[in-house]
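Below: the structure, in structure tokens.
By convention in this document, chain letters (A, B, ...) are assigned in the order of the sequence lines, proteins followed by strands, and residues within each chain are numbered from 1.
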There are 2 protein chains.
Amino acid sequence: MNGQFQIAVHILTLLNAQPGELLSSEYIAGSININPVLVRKEISNLRKYGLIDSKEGKAGGYSLGMAAKKILMSDVYKAVKVQPALGQAKNKPNPACPVGKQISEHLDELAEEVNSTIINKLKTITLADFGDKFN
Amino acid sequence: MNGQFQIAVHILTLLNAQPGELLSSEYIAGSININPVLVRKEISNLRKYGLIDSKEGKAGGYSLGMAAKKILMSDVYKAVKVQPALGQAKNKPNPACPVGKQISEHLDELAEEVNSTIINKLKTITLADFGDKFN
DNA sequence: TTCATCTGTAATTTTTAATATTACAGTACA
DNA sequence: TGTACTGTAATATTAAAAATTACAGATGAA
């Protein structure tokens, strides 16, 4: 189990809700209710994708890296290491078995199709859309 | 991480590949390369959904519970406890924060939409289709 | 020009979930 | 009645996620 996607969306939603302000990892962690270091770590990743800007030093903090309308949920999904939607087995099927020999390939293919489906769906939702749900 | 879906599909694929025969948990486990008890456990679950039949006692074993053409990948997905596609955070957002107060609800909504999308996709693929990939 | 407050990141510990293993009762057939 | 299976509980092991600790570096303000 892994909650990075939810954490990432939570962070982005907070930044979107308070435009112009720099929010600290401590403040963000307080809203999510997790450790500030995890917030900084997750942001460190999101920053690579331009989704978040950061400013170091006193009075530093975080803000959105681009307009909320431009941020697609699929961008977040891609940026965050979400585990494969169908799960991920760690066994190594028996190559001496005709089924075991090929199944990983076919399962991967299936996983890839599902992944594309998810991304297509998430492309239709922006951070702005998501933020609009909060009244 | 959780490989139950892959395990389930592997089991079903084996049963589909050897129709009429009863396969033992030991044989199945050998192909998947996991512990036989896990196979029996997973089958115990799939059996509840009618996807697999079992026969106890000497010369017992497992067979498909219905025609491979009738088994949809979405049935397997629903039967198996696949973790939510977007992951699952275990934090409890701060209810004193306007965002924290509502976000779980909105994230759940999003997760549900994605889940439907996945199921719709998996409805289009039967076990027979999947089995046909093996030559 | 130094203090306070922040980010960035590494290293470690703790917690939790997944998987493996052991054990054995119950069933069915020969 | 012995053998080869399933069914399932209990426990141990492994691996992944999250929390924590620690501290260097940046920046602004007193």
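- Counting non-hydrogen atoms of neighbouring residues, nucleotides and ligands closer than 6.0 angstrom, the CD atom of B/Glu26 reaches no more than 12 such neighbours.
- Rounded to a whole Å, the CG atom of B/Leu22 is 18 Å from the P atom of C/dT27.
- Pairs engaging residues 113-123 of chain B under the salt bridge (charged side-chain N to carboxylate O under 4.0 Å, His left out) rule: A/Glu113-B/Lys121, A/Lys121-B/Glu113 [sequence neighbours left out].
- Residues A/Pro93 and B/Ile32 have side chains not in contact (no heavy-atom distance under 4.5 Å, counting atoms from C-beta outward).
- Within the structure, every pair that satisfies the side-chain hydrogen bond (donor to acceptor under 3.5 Å, both in side chains) test and touches residues 126-135 of chain B, not counting sequence neighbours, is listed here: A/Glu109-B/Lys133, B/Thr126-B/Asp129.
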In a table with atom names and distances, give each donor-acceptor pair under 3.5 Å that connects a side chain of residues 33-41 of chain A to protein atoms at least two apart or in another chain.
{"unit_1": "A/Asn33", "atom_1": "ND2", "unit_2": "B/Lys92", "atom_2": "O", "d": "3.0"}
{"unit_1": "A/Asn35", "atom_1": "OD1", "unit_2": "A/Val37", "atom_2": "N", "d": "2.9"}
{"unit_1": "A/Arg40", "atom_1": "NH1", "unit_2": "A/Ser25", "atom_2": "OG", "d": "3.1"}

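- Counting to the nearest Å, the C1' atom of C/dT9 and the CD1 atom of A/Ile43 are 14 Å from each other.
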Would B/Tyr27 and B/Glu21 count as a side chain to side chain contact (heavy atoms under 4.5 Å, CB included) if you check the C-alpha gap in whole Å, the side-chain angles of each, and the deciding distance to 0.1 Å? CA-CA 12 Å; B/Tyr27 172 83; B/Glu21 286 179 62; over 6 Å; no
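- Annotation: side-chain contact (heavy atoms from CB on, under 4.5 Å) contacts of A/Pro84 (sequence neighbours excluded): A/Gln88.
- Across the protein-nucleic acid pair, A/Leu23 atom CG and C/dT7 atom P stand 10 Å apart, rounded to whole Å.
- Residues from residues 28-40 of chain B lying near DNA chain D, meaning a heavy-atom separation below 4.0 Å, are B/Val37, B/Arg40 in numerical order.
- B/Asn45 places none of its side-chain heavy atoms less than 4.5 Å from the side chain of B/Gln4.
- Computed from coordinates, the A/Lys41 NZ to C/dA11 P distance equals 11 Å when rounded to whole Å.
- Listed in residue order, the members of residues 9-19 of chain B having a heavy atom less than 4.0 Å from DNA chain C come to none.
- If you measure from atom CG of A/Asn2 to atom C1' of D/dA15, you get 14 Å, rounded to the nearest angstrom.
- Legend: residues meeting side-chain contact (heavy atoms from CB on, under 4.5 Å) with A/Ser63, ordered by chain and number and at least two apart, are A/Leu22, A/Asp53.
- Checked against side-chain contact (heavy atoms from CB on, under 4.5 Å), B/Val9 has the following partners two or more places apart in sequence or in another chain: A/Leu107, B/Phe5, B/Thr13, B/Met73, B/Val76, B/Phe130.
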Between protein and nucleotides 28-30 of chain D, what N or O pairs are separated by less than 3.5 Å?
{"unit_1": "D/dG28", "atom_1": "OP1", "unit_2": "A/Lys55", "atom_2": "NZ", "d": "3.2"}

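- At a non-hydrogen distance threshold of 4.0 Å, nothing from residues 92-106 of chain B comes into contact with DNA chain C.
- One end of the helix from C/dT1-D/dA30 to C/dA30-D/dT1 points its axis 0° away from the other end's axis, with each axis taken from 5 pairs and the angle rounded to 10°.
- Pairs passing the ring-ring contact (aromatic ring centres under 6.0 Å, His included) check and including a residue from residues 101-120 of chain B, sequence neighbours excluded, read A/Phe134-B/His106.
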